[in-house]
Trainee: 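Here it is: the structure, laid out below.
The analysis underlying the following values was restricted to heavy atoms, covering all of them including side chains, and did not include hydrogens, waters or symmetry mates.
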Amino acid sequence: MNTLAIFGAGKLGEALLSGLRRAGRTPDEIVIVERYEERAAFLLEKYQVRAVTPAEAVAHARTLIVAVKPQDVGVLLDSLAPLVTPDHLVVSVAAGIPTKYYEARLADGVPVIRVMPNTPALVDEAMSVVSGGAHAEEKHLAAAEALLQPVGKVRRLPESQQDAVTALSGSGPAYFFFLVEAMIDAGILLGIPRDVAADLIVQSALGAAKMLSEAGTHPVQLREAVTSPGGTTIAAIRELERHGVRAALLDAIEAARDRSVELGQLY
Ligand SMILES: NC(=O)C1=CN([C@@H]2O[C@H](COP(=O)(O)OP(=O)(O)OC[C@H]3O[C@@H](n4cnc5c(N)ncnc54)[C@H](OP(=O)(O)O)[C@@H]3O)[C@@H](O)[C@H]2O)C=CC1
Ligand SMILES: O=C(O)[C@@H]1CCC=N1
């Protein structure tokens, strides 16, 4: 049986857990390691998945998904290291932490895959990028991909690109939520009730995302089709350019990339 253990069932761990359950993984295939009894009881009730000790998780599962915060990975690995063997597959979703970090702390030959998913896993629309470490073979990469495919799209990229990936798609949903939040505020400013403004903006976001994804057309072309000569859109675009929104996005995503690199060096 392809058994799984999720270490750290926080926001991302739960998003993956929910997707795995929707994809038909049965409760006896999955265990979680969760520090708080109340949270464990909530997850048991919602997903019928048991919380166990780290040692039980390693004994139960072949695939070990590390979904704790980057700053907690070291302590977790110290406790797991004597138990993990090259027959396990370690899948890390921790931002910034390189596979080398794991390999230096685990027994020789343990395969490690670094993955950057995102929270749209909750609605089976995740973007996940997988990279293999030194001991990861094709079968390990394929297993990680198979694990993530039910919750969205999966790509394989070199690990050298994972910090940039983290900044783009790992954090990416937050930028869109931020934009939507600001646009809803603009509706309030213009006297539209919040629920109505939210409906208008969320449906526009959904439609725009669908066009980008399905039409395969360049975003510039799609924006130009909305921008009528002498019209309303160009008046808004002028303000966005005047306020340096494009440059702000470039700087923001570069800062996220730099933080990912930094997280990999801090612990
Ligand atoms: N949130 C996101 O969109 C994404 C997150 N990630 C990565 O996923 C990881 C988790 O992030 P996120 O879900 O946001 O963070 P959370 O803090 O929500 O989840 C991490 C959970 O792990 C728990 N934890 C810490 N140490 C242990 C341990 N030794 N054993 C069991 N549980 C433990 C934490 O407990 P406590 O609360 O006590 O600290 C917390 O509940 C991070 O490494 C992040 O970089 C990757 C892609 C996207
Ligand atoms: O903010 C973070 O550090 C995590 C990693 C990518 C998305 N959330």
Trainee: What are the two closest non-hydrogen atoms of Asp124 and Arg22, and how far apart are they?
Mentor: OD1-NH2, 2.7 Å

Trainee: Is it the case that more than 12 heavy atoms not belonging to Arg21 sit under 6.0 Å from its CZ atom?
Mentor: yes

Trainee: To the nearest 0.5 angstrom, please state how far the OG1 atom of Thr85 sits from the CZ atom of Arg62.
Mentor: 5.5 Å

Trainee: Side chains of His135 and His140: does their closest heavy-atom pair fall under 4.5 Å?
Mentor: no

Trainee: Taking the side chain as C-beta and beyond, is there a heavy-atom pair between Val91 and Leu148 under 4.5 Å?
Mentor: no

Trainee: Testing Val49, Thr63, Ile32 for side chain to side chain contact (heavy atoms under 4.5 Å, CB included) with Ile6, which one passes?
Mentor: Ile32

Trainee: Are Arg155 and Val165 close enough, and set up right, to give a side chain to side chain contact (heavy atoms under 4.5 Å, CB included), and what steps lead you there?
Mentor: CA-CA 11 Å; Arg155 291 186 74 121; Val165 165; over 6 Å; no

Trainee: Check whether Thr233 reaches the backbone of Val226 with its side chain - one donor and one acceptor, N or O, closer than 3.5 Å.
Mentor: yes

Trainee: Give the intermediate values and the outcome of side chain to side chain contact (heavy atoms under 4.5 Å, CB included) for residues Leu20 and Val151.
Mentor: CA-CA 7 Å; Leu20 292 167; Val151 296; 5.6 Å; no

Trainee: Atom CD in Gln48, atom CG in Asp28: separation rounded to 0.5 Å?
Mentor: 11.5 Å

Trainee: Go through Arg238 and Glu241 one step at a time and tell me if the salt bridge (Lys or Arg N to Asp or Glu O under 4.0 Å) criterion holds.
Mentor: CA-CA 5 Å; Arg238 180 173 66 176; Glu241 296 290 18; over 6 Å; no

Trainee: Grouping I, L, V, M, F, W and Y whenever their side-chain heavy atoms are under 4.5 Å apart, do Leu141 and Val154 come out in a common cluster?
Mentor: yes

Trainee: Verify whether one side chain among Thr26 and Glu29 offers a donor that lies under 3.5 Å from an acceptor in the other.
Mentor: yes

Trainee: Shortest non-hydrogen contact from Leu263 to Pro70?
Mentor: CD1-CG, 4.1 Å

Trainee: Flag the pair Val110 / Val90 as yes when at least one side-chain heavy-atom distance between them is below 4.5 Å, and no otherwise.
Mentor: yes

Trainee: Would a 4.5 Å heavy-atom cut-off, applied to side chains only, mark Val58 and His88 as touching?
Mentor: yes

Trainee: Count I, L, V, M, F, W, Y as connected when their side-chain heavy atoms are under 4.5 Å apart, and connections chain through other members. Are Val66 and Leu4 then in the same cluster?
Mentor: no

Trainee: Roughly how far, to the nearest 0.5 Å, is CG of Leu168 from CG of Asn118?
Mentor: 11.0 Å

Trainee: Is the shortest heavy-atom distance from the side chain of Leu12 to the side chain of Pro117 under 4.5 Å?
Mentor: yes

Trainee: Specify the closest pair of heavy atoms between Glu103 and Val112, including all atoms of both residues, with the distance to one decimal.
Mentor: CG-CG2, 4.2 Å

Trainee: List the atom of Ala167, the atom of Ile253, and the distance in Å for their closest heavy-atom pair.
Mentor: CB-O, 3.3 Å

Trainee: Run Val73 and Val68 through side chain to side chain contact (heavy atoms under 4.5 Å, CB included) and show every step you take.
Mentor: CA-CA 6 Å; Val73 173; Val68 301; 3.8 Å; yes

Trainee: Give a yes or no on whether the backbone of Tyr36 and the side-chain of Glu34 come within a donor-acceptor separation of less than 3.5 Å.
Mentor: yes

Trainee: State whether Tyr102 and Arg105 meet the cation-pi test: NZ (Lys) or CZ (Arg) under 6.0 Å from the six-membered ring centroid, and within 45° of the perpendicular axis.
Mentor: no

Trainee: Determine, step by step, whether Ile237 and Ile234 satisfy the side chain to side chain contact (heavy atoms under 4.5 Å, CB included) criterion, reporting the C-alpha distance in whole Å, the side-chain angles of both residues, the deciding distance to 0.1 Å, and the verdict.
Mentor: CA-CA 5 Å; Ile237 299 287; Ile234 194 63; 4.3 Å; yes

Trainee: Please check if any side-chain donor atom of Ser131 sits under 3.5 Å from a side-chain acceptor atom of Gln162, or the reverse.
Mentor: yes

Trainee: Are any non-hydrogen side-chain atoms of Val33 and Thr53 less than 4.5 angstrom apart?
Mentor: no

Trainee: Give a yes or no on whether Val93 and Leu76 share a hydrophobic cluster (residues Ile, Leu, Val, Met, Phe, Trp, Tyr; joining criterion: side-chain heavy atoms under 4.5 Å apart).
Mentor: no

Trainee: Search all heavy atoms of Ala197 against all heavy atoms of Gly187 and return the closest pair with its distance.
Mentor: CB-CA, 4.2 Å

Trainee: Working to the nearest 0.5 angstrom, can you tell me the gap between Ile30 CD1 and Arg25 CZ?
Mentor: 7.0 Å

Trainee: For residues Leu222 and Val180: do they belong to one hydrophobic cluster (side chain heavy atoms under 4.5 Å, members Ile, Leu, Val, Met, Phe, Trp, Tyr)?
Mentor: no

Trainee: Nearest 0.5 Å please: distance from the OG atom of Ser169 over to the CE atom of Met116.
Mentor: 8.0 Å

Trainee: Hey, what do you get for CG (Leu212) to OG1 (Thr217), rounding to the nearest 0.5 Å?
Mentor: 8.5 Å

Trainee: Indicate yes or no: at least one non-hydrogen side-chain atom of Phe7 is less than 4.5 angstrom from one of Leu80.
Mentor: yes

Trainee: Counting only heavy atoms not in Phe178, do more than 12 fall under 6.0 Å of its CZ?
Mentor: no

Trainee: Do Ile97 and Ile113 share a hydrophobic cluster, counting only Ile, Leu, Val, Met, Phe, Trp and Tyr and linking them when any side-chain heavy atoms are less than 4.5 Å apart?
Mentor: no

Trainee: Within a 6.0 Å radius of atom CZ on Arg156, are there more than 12 heavy atoms belonging to other residues, nucleotides or ligands?
Mentor: yes

Trainee: Give a yes or no on whether Glu138 atom CD has more than 12 heavy-atom contacts from other residues, nucleotides or ligands under 6.0 Å away.
Mentor: yes

Trainee: Mind running salt bridge (Lys or Arg N to Asp or Glu O under 4.0 Å) on Lys46 and Glu14 for me, showing each step along the way?
Mentor: CA-CA 10 Å; Lys46 192 160 179 191; Glu14 184 182 349; 3.6 Å; yes

Trainee: Can you tell if the side chain of Pro111 reaches within under 4.5 Å of the side chain of Glu137, non-hydrogen atoms only?
Mentor: no

Trainee: Above 12 or not: heavy atoms from other molecules or residues under 6.0 Å from CD of Glu239?
Mentor: yes

Trainee: Look only at the side chain of His218 and the backbone of Val220, and say whether a donor-acceptor pair between them is shorter than 3.5 Å.
Mentor: yes

Trainee: Where do Asp163 and Gly96 come nearest, in terms of heavy atoms and distance?
Mentor: OD1-CA, 3.8 Å

